[in-house]
Participant: 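One structure, pasted below without further comment.
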2 protein chains.
Amino acid sequence: MEIKNKQQGIMIVADVLDIVGGKWRGQILAHLCDDPKRFNELKTVLNKITSSTLTKELRYLEDIKMVERKIIQDKPIVIEYKLTDHGMSIKDLIVHIVEWGQKHRDSVFKKDE
Amino acid sequence: MEIKNKQQGIMIVADVLDIVGGKWRGQILAHLCDDPKRFNELKTVLNKITSSTLTKELRYLEDIKMVERKIIQDKPIVIEYKLTDHGMSIKDLIVHIVEWGQKHRDSVFKKDE
DNA sequence: CAGGATCCATATGGATACTG
DNA sequence: CAGTATCCATATGGATCCTG
């Protein structure tokens, strides 16, 4: 694929990074790539996230149709979060991100600590 | 490529998004993909960024060896910012980001306004 | 279990003015 | 031209407590 308009391409970069960027969004999407997860499952794997933050991030991802919220059971209530079809498409992008990170982690991440 | 350790892969995602995420970093890198640019050139294309913010972002990108600062001329001073070799490697990733953004912009960006 | 509510800390970026 | 310095606004995420 080629990007016709350079400036537009950069705007798209900004838009996408807006979606996948931030402290948690990318991680949440990455976790949901594998399989659907419940609220507290996500809360556990994300380790340091709080309920309210996780809720906010999930709502955002639902709003932009990346993630789907499904009520699995009513009492006690069980919710399952999974990627939508568009959400699934992010898998490829995440793979690319990880690939780049693996190739360049030495030069780029070393200094972090 | 395959990612052996899933959890580690997600950590890498977080690390990479830390680099390329944020409001300006991705855009700066995208702009520098084309060719080196001077401080005020970047300031112009980035439109709403302030000097101090641009300085901060550039320093960060220099620190992680993504961007190189070159003094082109001494008086009046002229500085040129360009991608390092690792920096150049980000081009592929940015292309993937733009590709994804183009494919999914309708479903994902529509609601933004 | 899956959040909502409230209040709080910090990070991020911005406005404005100034400099060699 | 390429920044620095100060001070400031807001966004982001967190802590804690509470609930159906």
Side-chain angles (χ1 to χ4, degrees), chain A residues 10-11 13-15 17-32 35-64 66-82 112-113, chain B residues 10-11 13-15 17-32 35-64 66-82 112-113:
Chain A
I10 291 167
M11 286 170 51
V13 171
D15 286 340
L17 290 177
D18 214 56
I19 292 172
V20 92
K23 189 164 175 180
W24 299 113
R25 253 109 88 169
Q27 295 183 64
I28 293 173
L29 291 172
H31 274 293
L32 292 180
D35 32 50
K37 286 194 170 54
R38 284 170 302 131
F39 187 87
N40 280 341
E41 282 184 297
L42 281 173
K43 193 155 145 49
T44 301
V45 292
L46 292 175
N47 203 24
K48 289 299 180 192
I49 200 170
T50 61
S51 300
S52 51
T53 299
L54 180 53
T55 301
K56 272 191 277 184
E57 300 301 319
L58 286 172
R59 290 292 170 274
Y60 171 81
L61 291 172
E62 286 171 60
D63 281 350
I64 62 172
M66 292 291 293
V67 165
E68 198 175 346
R69 182 178 186 272
K70 258 179 104 170
I71 300 177
I72 300 291
Q73 184 185 304
D74 234 19
K75 30 170 178 125
I77 191 165
V78 175
I79 308 281
E80 187 175 272
Y81 291 94
K82 55 176 295 197
D112 269 297
E113 50 244 295
Chain B
I10 291 166
M11 285 170 51
V13 170
D15 286 340
L17 290 177
D18 214 58
I19 292 173
V20 93
K23 189 163 174 182
W24 300 112
R25 253 108 88 170
Q27 295 184 62
I28 292 173
L29 291 172
H31 275 292
L32 292 180
D35 33 48
K37 286 195 170 53
R38 283 172 301 132
F39 188 87
N40 281 341
E41 282 184 298
L42 281 172
K43 194 155 144 49
T44 300
V45 290
L46 293 175
N47 203 24
K48 289 299 180 195
I49 200 171
T50 62
S51 301
S52 50
T53 299
L54 179 53
T55 300
K56 271 191 279 185
E57 300 301 318
L58 285 172
R59 291 290 171 275
Y60 171 82
L61 292 172
E62 286 172 59
D63 281 351
I64 63 172
M66 292 291 292
V67 164
E68 197 175 345
R69 182 180 186 270
K70 258 179 103 170
I71 301 177
I72 299 291
Q73 183 185 305
D74 234 20
K75 27 163 180 132
I77 193 165
V78 175
I79 309 281
E80 187 175 272
Y81 291 94
K82 54 177 297 196
D112 269 298
E113 51 242 295

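Fair warning: this is a prediction, and the values are worked out from it, not measured in the lab. Just so we're on the same page: letters track the sequence lines, and every chain starts at 1.
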Participant: With heavy atoms of chain A within less than 4.0 Å as the criterion, where does contact along DNA chain D begin and end?
Facilitator: D/dG13 to D/dA15
Participant: Is there a donor-acceptor contact under 3.5 Å from the side chain of A/R25 to the main chain of A/L17?
Facilitator: no
Participant: Kindly give the heavy-atom pair with the smallest separation between A/F39 and A/L54, and that separation in Å.
Facilitator: O-CD2, 3.5 Å
Participant: Looking at every heavy atom in both A/I49 and A/K43, which two are closest together, and how far apart are they?
Facilitator: O-NZ, 3.6 Å
Participant: Could you list by number each residue of residues 69-79 of chain A showing a heavy-atom separation from DNA chain D of less than 4.0 Å, or answer none if no residue does?
Facilitator: none
Participant: Check whether A/Q27 reaches the backbone of A/A30 with its side chain - one donor and one acceptor, N or O, closer than 3.5 Å.
Facilitator: no
Participant: Separation of B/I49 atom CD1 from C/dG14 atom P, in whole Å?
Facilitator: 6 Å
Participant: Does A/Y81 have a side-chain nitrogen or oxygen under 4.0 Å from the phosphate oxygens OP1 or OP2 of C/dG3?
Facilitator: yes
Participant: Quickly work out the A/N40 CG to C/dG4 P distance and round it to whole Å.
Facilitator: 13 Å
Participant: Does A/T44 offer a backbone N or O that forms a donor-acceptor pair with the side chain of A/E41 under 3.5 Å?
Facilitator: no
Participant: Work out which heavy atom in B/I79 is nearest to a heavy atom in B/R38; give both atom names and the distance.
Facilitator: O-CG, 2.7 Å
Participant: Report which part of the nucleic acid B/K43 touches: base, sugar-phosphate, or nothing (heavy-atom distance under 4.0 Å, all strands).
Facilitator: nothing
Participant: Might you point out which heavy atoms bring A/Y81 and A/R59 nearest each other, and give the distance in Å?
Facilitator: OH-NH1, 3.7 Å
Participant: Any base atoms under 4.0 Å from B/S51, or only sugar-phosphate, or nothing? Heavy atoms, all strands.
Facilitator: base
Participant: In whole angstrom, what separates A/E62's CD from C/dG3's C1'?
Facilitator: 12 Å
Participant: Without decimals, in angstroms, what is the distance between B/K23 NZ and C/dG14 C1'?
Facilitator: 9 Å
Participant: Side-chain contact test, heavy atoms from C-beta onward, threshold under 4.5 Å: evaluate it for B/M66 versus B/Y60 and give yes or no.
Facilitator: no
